[in-house]
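To start, the structure under review is shown below, and the notes come after it.
In what follows, every heavy atom counts, from backbone to side chain, and hydrogens, waters and symmetry copies are set aside. Please read these numbers as outputs of a predicted model, since none were measured by experiment.
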Amino acid sequence: VFAGMNGSAIENFSCVIYNVSFMNCTWQAGRDAPGDTQYFLYWRNSRYDDAMECELYITDENGRNMGCRFQNVKIEIEKAYFLVNGSSKNSLIQFYDEYIQLYKIEILTPPLNVTVNCTRDPAGCIITWQPPLTSHVENVNCFEYEISMQKK
């Protein structure tokens, strides 16, 4: 049983990893949370790490924490653990927690050094590229690519 007022926990929690090692997490205030509720995010990247509080909160116009920006994030094999709890002068706030497999929320950078060489004889083009940057994929054969060509 969750301690705290029903409907006071955050909603719509989501995180995304971009540019290899940056992560943003965002949430919305609980629909029944008192107006003075402030939220705090803690996370642990693997079971061997200590839980850490967010260092750079994203706040709304009222100064309420509505998200967190992370730098130097490494994608581990295990699931990362996220906990958002809240405080209010008037009532107990329910916490929200979730385990997330970080590789599933990564937006990959585009492939690098894309080149196209076309010849008339025999007519054809050779397209080459290098894999996108990522912190955790050791086997570049894991990547799948899609090429879309439009005729002019």
Side-chain angles (χ1 to χ4, degrees), residues 1-116 127-150:
V1 180
F2 289 118
M5 194 174 77
N6 280 343
S8 63
I10 61 156
E11 301 173 11
N12 298 329
F13 182 81
S14 72
C15 300
V16 65
I17 292 176
Y18 61 98
N19 288 358
V20 182
S21 62
F22 293 90
M23 179 168 68
N24 276 10
C25 295
T26 57
W27 58 83
Q28 290 171 320
R31 68 192 79 176
D32 296 326
D36 74 330
T37 305
Q38 181 60 286
Y39 294 105
F40 304 95
L41 179 146
Y42 299 86
W43 84 301
R44 196 175 65 223
N45 202 356
S46 78
R47 78 186 87 166
Y48 307 108
D49 293 342
D50 294 330
M52 298 175 295
E53 186 180 354
C54 171
E55 288 182 4
L56 187 59
Y57 282 107
I58 301 164
T59 58
D60 65 12
E61 62 277 6
N62 302 317
R64 183 186 271 180
N65 297 337
M66 303 305 289
C68 182
R69 289 195 172 92
F70 301 86
Q71 303 178 72
N72 305 319
V73 173
K74 287 196 169 48
I75 295 178
E76 306 282 355
I77 298 166
E78 304 170 51
K79 291 182 175 179
Y81 176 69
F82 295 85
L83 168 75
V84 181
N85 61 22
S87 68
S88 161
K89 289 190 187 77
N90 307 317
S91 51
L92 286 172
I93 305 301
Q94 290 180 334
F95 71 87
Y96 172 93
D97 66 347
E98 185 178 353
Y99 285 91
I100 297 176
Q101 201 94 55
L102 294 186
Y103 76 85
K104 291 183 178 175
I105 60 166
E106 181 178 22
I107 298 171
L108 292 169
T109 63
L112 301 172
N113 300 329
V114 178
T115 61
V116 181
I127 304 169
T128 61
W129 61 86
Q130 290 170 318
L133 295 172
T134 177
S135 67
H136 67 288
V137 176
E138 289 167 15
N139 183 355
V140 294
N141 296 329
C142 292
F143 290 114
E144 292 180 355
Y145 303 95
E146 182 177 305
I147 298 173
S148 171
M149 291 186 285
Q150 281 90 32

Closest non-hydrogen atom pair between [X] and [Y], with its separation:
X	Y	answer
Thr109	Leu133	OG1-N, 3.1 Å
Pro111	Trp129	CB-CD1, 3.9 Å
Gly86	Tyr39	CA-CD2, 3.9 Å
Ala9	Phe95	CB-O, 3.9 Å
Thr134	Val20	C-CG1, 4.0 Å
Met5	Ser8	O-OG, 2.6 Å

Output all residues satisfying side chain to side chain contact (heavy atoms under 4.5 Å, CB included) with [X], sequence neighbours left out; order by chain, then residue number.
X	value
Thr115	Thr128
Leu92	none
Ile107	Val16

Distance in Å, [X] [atom1] paired with [Y] [atom2], rounded so as to fall on 0.5 Å steps:
X	Y	atom1	atom2	value
Ile17	Ile75	CD1	CD1	4.0 Å
Phe82	Tyr96	CZ	OH	10.5 Å
Lys79	Tyr103	NZ	OH	9.0 Å
Gln101	Ile77	CD	CD1	9.5 Å

List the residues meeting side chain to side chain donor-acceptor pair (under 3.5 Å) with [X], not counting sequence neighbours, and say none if there are none.
X	answer
Tyr81	Asp97
Asn72	none
Asp36	Ser88
Asn141	Asn139

*asked:* Are more than 12 heavy atoms, taken from residues, nucleotides or ligands other than Leu112, located less than 6.0 Å from that residue's CG atom?
replied: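 Yes, because the 6.0 Å sphere around CG of Leu112 holds more than 12 heavy atoms from other groups.
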
TODO: Report yes if the side chains of Ser91 and Thr37 come closer than 4.5 Å at any heavy-atom pair, otherwise no.
DONE: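 Side chain of Ser91 against side chain of Thr37, heavy atoms only: no contact under 4.5 Å found.
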
Can I get a per-line list of side-chain donor-acceptor pairs under 3.5 Å for residues 21-32, giving both atom names and the distance, sequence neighbours left out?
| residue | atom | partner | partner atom | Å |
| --- | --- | --- | --- | --- |
| Trp27 | NE1 | Asn65 | O | 3.0 |
| Gln28 | OE1 | Asn12 | ND2 | 2.2 |
| Arg31 | NE | Glu11 | OE2 | 3.0 |
| Arg31 | NH2 | Glu11 | OE1 | 3.4 |

Can you pull out every salt bridge (charged side-chain N to carboxylate O under 4.0 Å, His left out) where at least one residue sits in residues 54-70? Sequence neighbours excluded, please.
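Applying salt bridge (charged side-chain N to carboxylate O under 4.0 Å, His left out) to every pair that reaches into residues 54-70, excluding sequence neighbours, yields nothing.
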
Item checked: Listed once per pair and sorted, the salt bridge (charged side-chain N to carboxylate O under 4.0 Å, His left out) pairs that draw on residues 101-114, sequence neighbours left out ->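 Not a single pair qualifies under salt bridge (charged side-chain N to carboxylate O under 4.0 Å, His left out).
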
| request: Before giving the answer on side chain to side chain contact (heavy atoms under 4.5 Å, CB included), spell out for Ile127 and Met149 the whole-Å C-alpha distance, their side-chain angles and the decisive distance to 0.1 Å. | output: CA-CA 11 Å; Ile127 304 169; Met149 291 186 285; 4.2 Å; yes

inquiry  = For the backbone of Gly63 and the side chain of Gln38, can you confirm whether one donor and one acceptor N or O come within less than 3.5 Å of each other?
reply    =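 Here the side-chain-to-backbone pair exists.
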
Determine which pairs satisfy disulfide bond (SG atoms under 2.5 Å apart) with at least one residue from residues 43-104, sequence neighbours left out, and list them in order.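 Listed by first then second residue: Cys54-Cys68.
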
Practice task
Output every pair passing side chain to side chain donor-acceptor pair (under 3.5 Å) with a member in residues 41-51, not counting sequence neighbours, ordered by first then second residue.
Solution key: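 Qualifying pairs: Arg47-Glu78.
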
